[in-house]
Amino acid sequence: MTAKTIDGKLAAEKLRQGIAAEVAQLVAKNGRKPGLVVILVGDDPASKVYVANKAKQTDEVGMNSIENRLPVTTSEAELLSLVESYNRDPMIDGILVQLPLPSHIDSAKVLTAIAPDKDVDGFHAVNVGRLWTGDPRALVPCTPSGSMILLRSVLPDLSGAEAVVIGRSNIVGKPMAALLLAANCSVSVVHSRSQNLPSLVKRGDIVIAAVGKADMVKGDWLKPGAIVIDVGINRLVTAEGKARLTGDCDYESCQQVAGAITPVPGGVGPMTIACLLQNTLLSYRMRLA
Ligand code: NAD
């Protein structure tokens, strides 16, 4: 068997097109663009690239993008006061504080200061609670949301499927488990302390890998025909000294056994920003209601 490749670039483009069309309609009717502010503290080069990409895509769908770059010396109190001013700003629908923050700032405190209805990353405890209780106002973390869209593109009805999520982070593993459960899957969450990982993974009709270990999941761990969503992004250097991105799944062996699989790059990655824009639109719509 050779697995179908799930094209995340294409899916993200389709999602952005739908968002752009809806934004155009809403702006024509209400006269105000949805506004997304991204706050970046310090000079982390990878964060700068992410923030620039977010700003570009925000503009492209017709939203108002505000980039707020602060020096690494910014104090926690200054950052909290800025977040508070955006919480009150009626032109702002989404607030994102780019992680990681410098070590003198308590990230949890800052994320908790964001108004839950503007928390487009979906990390606030209120949104976590809304997600687990099935409250439609939940702003859901972007990477798991994007993973669900890709999964449903090959398996629209997930009811009764056995899903194995590898990784239990607050950003990916746990919200992914909540979404799969809400879609009526039987869900196992496995992690660094799980015993005999290959046999646990083999139960999965669906396997979500969110670990951060290059090529960890091998083809012979998979149930034949399983759908594999590879969330991992690992940066390797080839023997020739070139940078290479790879996922948590060994693509070559997994695609021999899986029914469908996301590549890295070009799978889950492009969906994340598209889902951030979707959350901003949802937040804008909730503010209009
Ligand atoms: P994390 O480090 O917070 O969590 C990793 C999880 O993997 C932990 O729960 C840990 O228990 C588990 N784990 C570690 N070693 C393991 C092992 N040997 N066997 C089984 N489980 C193990 O990471 P995260 O933020 O959840 O991210 C996971 C991966 O997804 C990373 O590669 C990250 O870069 C990537 N990621 C991608 C996107 C995207 O947009 N595509 C977004 C977020 C994260």
Side-chain angles (χ1 to χ4, degrees), residues 5-13 15-16 38 44-47 49-54 57 96-101 107-108 111 120-123 128 131 139-151 153 163-180 187-204 207-218 221-222 228-236 243-251 254 261-279:
T5 302
I6 305 172
D7 187 342
K9 259 175 105 167
L10 192 67
E13 198 181 308
L15 182 59
R16 285 195 306 269
V38 180
D44 180 63
S47 294
V49 173
Y50 292 143
V51 168
N53 271 334
K54 284 170 187 166
Q57 294 188 30
L96 186 150
V97 177
Q98 184 68 44
L99 300 176
L101 287 169
S107 304
L111 295 182
V120 282
D121 254 341
F123 297 159
V128 176
L131 169 62
L139 290 167
V140 177
C142 303
T143 301
S145 275
S147 299
M148 283 301 280
I149 294 171
L150 295 182
L151 181 55
S153 73
V164 179
V165 180
I166 318 175
R168 56 176 164 180
S169 71
N170 289 333
I171 294 175
V172 190
K174 286 181 198 162
M176 193 71 227
L179 290 170
L180 290 163
V187 184
S188 309
V189 181
V190 302
H191 47 80
S192 54
R193 304 287 177 91
S194 297
Q195 301 293 310
N196 200 355
L197 211 55
S199 73
L200 296 173
V201 172
K202 198 139 203 149
R203 290 167 41 171
V207 175
I208 314 285
V211 182
K213 296 233 178 309
D215 304 331
M216 185 183 85
V217 176
K218 307 297 179 197
W221 294 23
L222 299 175
V228 179
I229 306 292
D230 190 351
V231 180
I233 301 178
N234 305 289
R235 287 172 177 80
L236 303 180
R244 183 172 79 87
L245 280 189
T246 186
D248 289 341
C249 300
D250 173 35
Y251 191 82
C254 286
I261 185 167
T262 58
V264 179
V268 175
M271 294 300 287
T272 297
I273 299 182
C275 288
L276 173 70
L277 302 175
Q278 192 178 45
N279 273 352

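All ligand and atom numbering here is 1-based and tracks the order in the structure.
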Students should be able to answer this: which protein heavy-atom is nearest to [atom], and at what distance?
atom                    : result
atom 40 (O) of ligand 1 : Thr272 OG1, 2.8 Å
atom 29 (C) of ligand 1 : Gly212 N, 3.7 Å
atom 36 (N) of ligand 1 : Val231 O, 3.7 Å
atom 26 (O) of ligand 1 : Ser169 OG, 2.5 Å
atom 13 (N) of ligand 1 : Val211 CG1, 3.6 Å
atom 19 (N) of ligand 1 : Leu197 CD2, 3.5 Å
atom 8 (C) of ligand 1  : Arg168 N, 3.9 Å

Which ligand 1 atoms does [X] reach within 4.0 Å, using its non-hydrogen atoms?
X      : answer
Gly269 : 41 (N)
Val172 : 26 (O), 43 (C), 44 (C)
Val268 : 41 (N)

At under 4.0 Å between heavy atoms, which part of [X] makes contact with ligand 1: side chain, backbone, both or neither?
X      : answer
Thr143 : side chain
Val190 : neither
Lys213 : side chain

Next on the checklist: Main chain of Asp230, side chain of Thr262: is a donor-acceptor contact present, judged purely on distance under 3.5 Å?
Outcome noted: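 The answer is yes, because a donor-acceptor pair under 3.5 Å joins these two groups.
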Next on the checklist: Tell me whether Ile233 has any N or O atom under 3.5 angstrom from an N or O of ligand 1.
Outcome noted: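 Among all N and O atoms of Ile233, at least one is under 3.5 Å from an N or O of ligand 1.
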Next on the checklist: Under 3.5 Å between any N/O of Asp248 and any N/O of ligand 1: does that happen in this structure?
Outcome noted: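 No, since none of the N or O atoms of Asp248 sits under 3.5 Å from an N or O of ligand 1.
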Where [X] and [Y] come nearest, the two heavy atoms and their spacing:
X      : Y      : answer
Leu277 : Gln57  : CD1-O, 3.7 Å
Pro270 : Gly8   : CB-O, 3.9 Å
Ile166 : Met216 : CG2-CE, 4.1 Å
Leu139 : Asn279 : CD2-O, 3.7 Å
Ile6   : Pro263 : O-CD, 3.1 Å
Pro141 : Ile171 : CB-O, 3.8 Å

Checklist entry - Contact between Gly173 and ligand 1, counting heavy atoms under 4.0 Å? => result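 Contact absent.
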[X] vs [Y] side-chain heavy atoms within contact, under 4.5 Å:
X      : Y      : value
Val211 : Val217 : no
Asn170 : Val128 : no
Trp221 : Leu197 : yes

Checklist entry - Does the side-chain contact (heavy atoms from CB on, under 4.5 Å) test come out yes or no for Leu245 and Ile233, once each step is laid out? => result CA-CA 7 Å; Leu245 280 189; Ile233 301 178; 3.9 Å; yes
Item to check | Option set Ser192, Ala214, Ala210, criterion heavy-atom distance to atom 10 (C) of ligand 1, minimum | outcome: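 Result: the heavy atom closest to atom 10 (C) of ligand 1 is in Ser192.
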Next on the checklist: Judged on heavy-atom distance to atom 6 (C) of ligand 1, which of Pro265, Gly167, Ser194 sits nearest?
Outcome noted: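 Of the listed residues, Gly167 has the closest heavy atom.
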